[in-house]
Number of protein chains: 2
Amino acid sequence: MSREEKPNTAILSRALPRKKQGLSPCAACEVRHLAVCSALKTDDLDELDAILTRRDLSAGDTLFDEGEPARNVYNLTSGCLKLYKLLPDGRRQVTGFLFAGDFVGLANSDDYIYSAEAVTQVALCRFEKHKLDHLMNTHLSLEKRLLGMARFELVEAQEQILMLGRKTAMERIASFILMLSDRAQRRDEPADPVKLPMSRNDIGDYLGLTTETVSRTITRLRKNGIISLDSDRSITIKQRETMNDIAEGF
Amino acid sequence: MSREEKPNTAILSRALPRKKQGLSPCAACEVRHLAVCSALKTDDLDELDAILTRRDLSAGDTLFDEGEPARNVYNLTSGCLKLYKLLPDGRRQVTGFLFAGDFVGLANSDDYIYSAEAVTQVALCRFEKHKLDHLMNTHLSLEKRLLGMARFELVEAQEQILMLGRKTAMERIASFILMLSDRAQRRDEPADPVKLPMSRNDIGDYLGLTTETVSRTITRLRKNGIISLDSDRSITIKQRETMNDIAEGF
DNA sequence: CGATACATTGAGGTTTATCAATTTGTGTGG
DNA sequence: CCACACAAATTGATAAACCTCAATGTATCG
C-alpha cells in the first residue's frame, strides 16, 4: 500500500512540540494560525494541549471508518488525509482531501459519516469530542471559530456539488488542480508547482471520474502546454489564466 | 413563470403572526421548533421578533442572486425555495431545495454564493446578518444552534456529493424522492405521498441530469410498480424497501 | 377554451466508462 | 547500486449511460 514518498521532515517538524520557555507545545505549532487552535490566546493554549493527544499515521493507514462511533475529532498538522464514502458494491466517493491546519470531524453525527485514510505520512492532534465541547463552553471564541470553519466548509461543498453535477472531465481536473494550488497558498506554501500527493485513482474518486479519464485529461492539458508534469508528483501550471477559464467553464 | 399551484393556505397560516396574550408572534409560529428560533426560550422570542421582517414570495420570484452582498439571512416558514449556481454558459446546478424550518444563508461569505428562487409561494423571516450576530452574543444557545445546523448541512452535503459523483440516474432519482419523503416527515408532514413541487428541469439540475433522463427514470420506476404518480405533483412510494435498496446502490 | 409551459417519448450522438495491454515508477532485497 | 517485483499511470479499442435534438402529449392559467 505504501507507494508514497518518504515523509518530508522539513514539513513534519513544523508541528512538532517544542518546549519553549515553559509555554505549551501548541504555542510552537507552526500551523496553529491555520487551525481551530487560532481561536485561543497564546496564554490559553495549555488548556488545549491538556486535552489533545498527538498521533502519526503512515501512508495508507486508516484513521477511522464510516459508521464507527465518532468519539474524536482531529486537527491535521502535516501530510494529506482523504475522506471517503463507499457504496455497497465498492464504488467510492472521496469527499475531501485534508492538509495541514484542516479539521476532521466537523460534520455532525454520532457516527463518522465517512472513512478517513492517510494519503501520505500524516501528523495530527486528536481531541475527544466531549472534552472539546467542554472547552467550548469556557472559551466562546472556540465555538465561533468552529462555526466559521463549518460555514467555510459549506461554501466549499457547494463548489464541489457544482463541479460534480455540471462540469466536464476537463473542467473538473482544472478546478481540482487550481483548488490544490489555492489551498497550498493559504498554508503559506508555494502556489506553484502544485503537489498532487494522491493517486490518479483517488483523484478520480474525488471528481466522479475513472483513473483512465483523469490520466487522459491530464495528458491533454500537458500536450496543450497548459501544465507540465514534474518528476515528484507535482504539476507546474504554465498558463494559469487558461486554467482558470477552463475551470470556470468558459 | 408561475405555473405553480395556488398557495396552500392551511400551511401558510401555520407561520402567520398571531398575537396571543401579549406574546411575540414568534411564539405562535408553528415551524419554530424546526427553525433556528427553537434556540430561544419562549420568553426571549420577542427579541427575535424585534429584528426580523416577514416576507412573502410568489413562485418564480428571486430572493437574491449569486454574487450580491449577503446582508440578510432567512428562515423559511412555508413553501419551497431552490438555491442554485450558474456556469457562464448557462449550465445550472441546483444545490438545494429548502422547506419550512430551513435556514438560508449559513454558508459563510460576504457575498451570496448561490441564487435563491421561490419554487412555490413562499413565506420567510428575514434577519439582517449583523443583528442576528449581535443577538448571538447575548444568547449563546443561538450560536450553538447555528453550529448544529451547519454541521447537519455538512452531513447532507456529503450525501449529495456521493450521489453526484458515484450514483446512476436511477439511484439518484430514488435517493431524491426518499430524501423529500424523509424531510417531509421531519416537518411533521406525511412521508407518503411525497410532494414534488419543483419541475423536472429543477430536479435534473439538482441531480446533475437532464429533464429527459429524469422523466424517463421516473417512468421506469412507475412502470415497475415501485412508485405511482398522483395527479397533484406528488408521488406515492409503493415499495419503500425496493426504493431504499435502489437509492443505496444495492 | 385556447395558449403556453411542462412532461414524456423517440432516434441518434457524445462523453465517459470499461476492458485490456503496455509503460513507468517505486520499494525491496541481493 | 542494481535488478526484480509489484503497483500505478498511460494509452488504445469498444461499449454503455446519458445527453441532445425533435416531436408529441398533457397540465395549467388567463
Side-chain angles (χ1 to χ4, degrees), chain A residues 1-7 58-60 82 87 89-93 119-121 163-173 196-223 227-235 246 249, chain B residues 1-7 58-60 82 87 89-93 119-121 163-173 196-223 227-235 246 249:
Chain A
M1 267 289 147
S2 64
R3 35 138 202 69
E4 297 297 341
E5 64 208 313
K6 42 193 167 323
S58 299
K82 71 186 175 211
L87 289 171
D89 63 356
R91 276 174 290 171
R92 194 176 62 141
Q93 177 66 36
V119 171
T120 63
Q121 178 124 350
M163 186 182 71
L164 291 171
R166 286 302 181 213
K167 289 191 183 176
T168 65
M170 179 62 84
E171 290 162 357
R172 293 181 203 195
I173 293 288
L196 300 185
M198 64 294 289
S199 70
R200 296 288 186 263
N201 194 35
D202 286 346
I203 297 175
D205 283 347
Y206 179 76
L207 299 177
L209 303 169
T210 58
T211 314
E212 294 92 329
T213 300
V214 171
S215 185
R216 277 187 251 270
T217 308
I218 289 180
T219 300
R220 206 138 69 82
L221 282 171
R222 182 173 53 73
K223 287 192 174 159
I227 61 172
S228 71
L229 302 193
D230 311 341
S231 53
D232 58 330
R233 273 175 176 279
S234 72
I235 284 183
I246 295 172
Chain B
M1 270 287 148
S2 64
R3 34 139 202 70
E4 297 299 339
E5 63 207 314
K6 43 191 167 318
S58 299
K82 70 186 176 210
L87 288 171
D89 63 356
R91 275 174 289 171
R92 192 176 64 142
Q93 177 66 37
V119 171
T120 63
Q121 177 123 349
M163 186 181 71
L164 291 171
R166 285 302 181 214
K167 288 191 183 176
T168 64
M170 179 62 83
E171 290 161 357
R172 293 181 201 195
I173 294 288
L196 301 185
M198 65 294 288
S199 71
R200 296 289 187 261
N201 194 35
D202 285 346
I203 297 175
D205 283 347
Y206 179 76
L207 299 176
L209 303 169
T210 57
T211 313
E212 294 93 329
T213 300
V214 171
S215 187
R216 277 187 253 269
T217 308
I218 289 180
T219 301
R220 206 137 69 83
L221 283 172
R222 182 173 52 73
K223 286 191 174 159
I227 60 172
S228 70
L229 302 194
D230 310 341
S231 52
D232 58 331
R233 273 175 177 279
S234 72
I235 284 183
I246 295 173

Does B:Ser215 put a side-chain nitrogen or oxygen below 4.0 Å from OP1 or OP2 of C:dA7?
no
Using heavy-atom distances to pick each residue's nearest nucleotide on DNA chain C, tell me which of B:Thr219 and A:Gly208 is more 5'.
B:Thr219
For residues A:Ser199 and A:Asn201, is any side-chain donor paired with an opposing acceptor at under 3.5 Å?
no
Provide, to the nearest angstrom, the distance between the CZ atom belonging to B:Arg216 and the C1' atom belonging to C:dA11.
10 Å
Would you classify A:Gly204 as touching base, sugar-phosphate or nothing, given that sugar-phosphate means primed atoms plus P, OP1 and OP2, and contacts are heavy atoms under 4.0 Å?
nothing
Report which part of the nucleic acid A:Ile218 touches: base, sugar-phosphate, or nothing (heavy-atom distance under 4.0 Å, all strands).
nothing
Length of the line joining A:Arg220:CZ and D:dT11:C1', which is rounded to integer Å
14 Å
What's the CG-P distance between A:Asp205 and D:dA8, to the nearest Å?
13 Å
Would you indicate what B:Leu229 reaches in the nucleic acid, counting non-hydrogen atoms under 4.0 angstrom: base, sugar-phosphate, or nothing?
sugar-phosphate
What is the distance, rounded to the nearest whole Å, between atom CZ of B:Arg233 and atom P of C:dC6?
9 Å
Below the 4.0 Å mark, does D:dC18 have OP1 or OP2 next to a side-chain nitrogen or oxygen of B:Thr213?
no
Check B:Asp205 with B:Lys82, please: is the shortest side-chain N to carboxylate O separation under 4.0 Å?
no
Considering only heavy side-chain atoms of A:Ser199, the closest of D:dA8, D:dC19, D:dT10 is D:dA8
Is there side-chain contact between B:Met170 and B:Leu221, with heavy atoms separated by less than 4.5 Å?
yes
For the pair made of CD in B:Glu212 and C1' in C:dG13, what is the distance, rounded to whole Å?
14 Å
Find the distance B:Arg91:CZ to D:dC18:C1' and express it as a whole number of Å.
15 Å
Using every non-hydrogen atom in the two residues, find where B:Glu171 and B:Ile246 come nearest and quote the distance to one decimal.
CG-O, 3.1 Å
Spacing of CD1 belonging to B:Ile173 relative to NZ belonging to B:Lys167, to within rounding of 0.5 Å
12.0 Å
Sorted by position of nearest nucleotide on DNA chain D, 5' first, the leading residue of A:Asn201 and A:Arg166 is A:Asn201
Nearest whole Å is fine: how far is C:dC6 C1' from B:Leu196 CG?
14 Å
Grab the CE-C1' distance between B:Met198 and C:dA7 for me, whole Å please.
16 Å
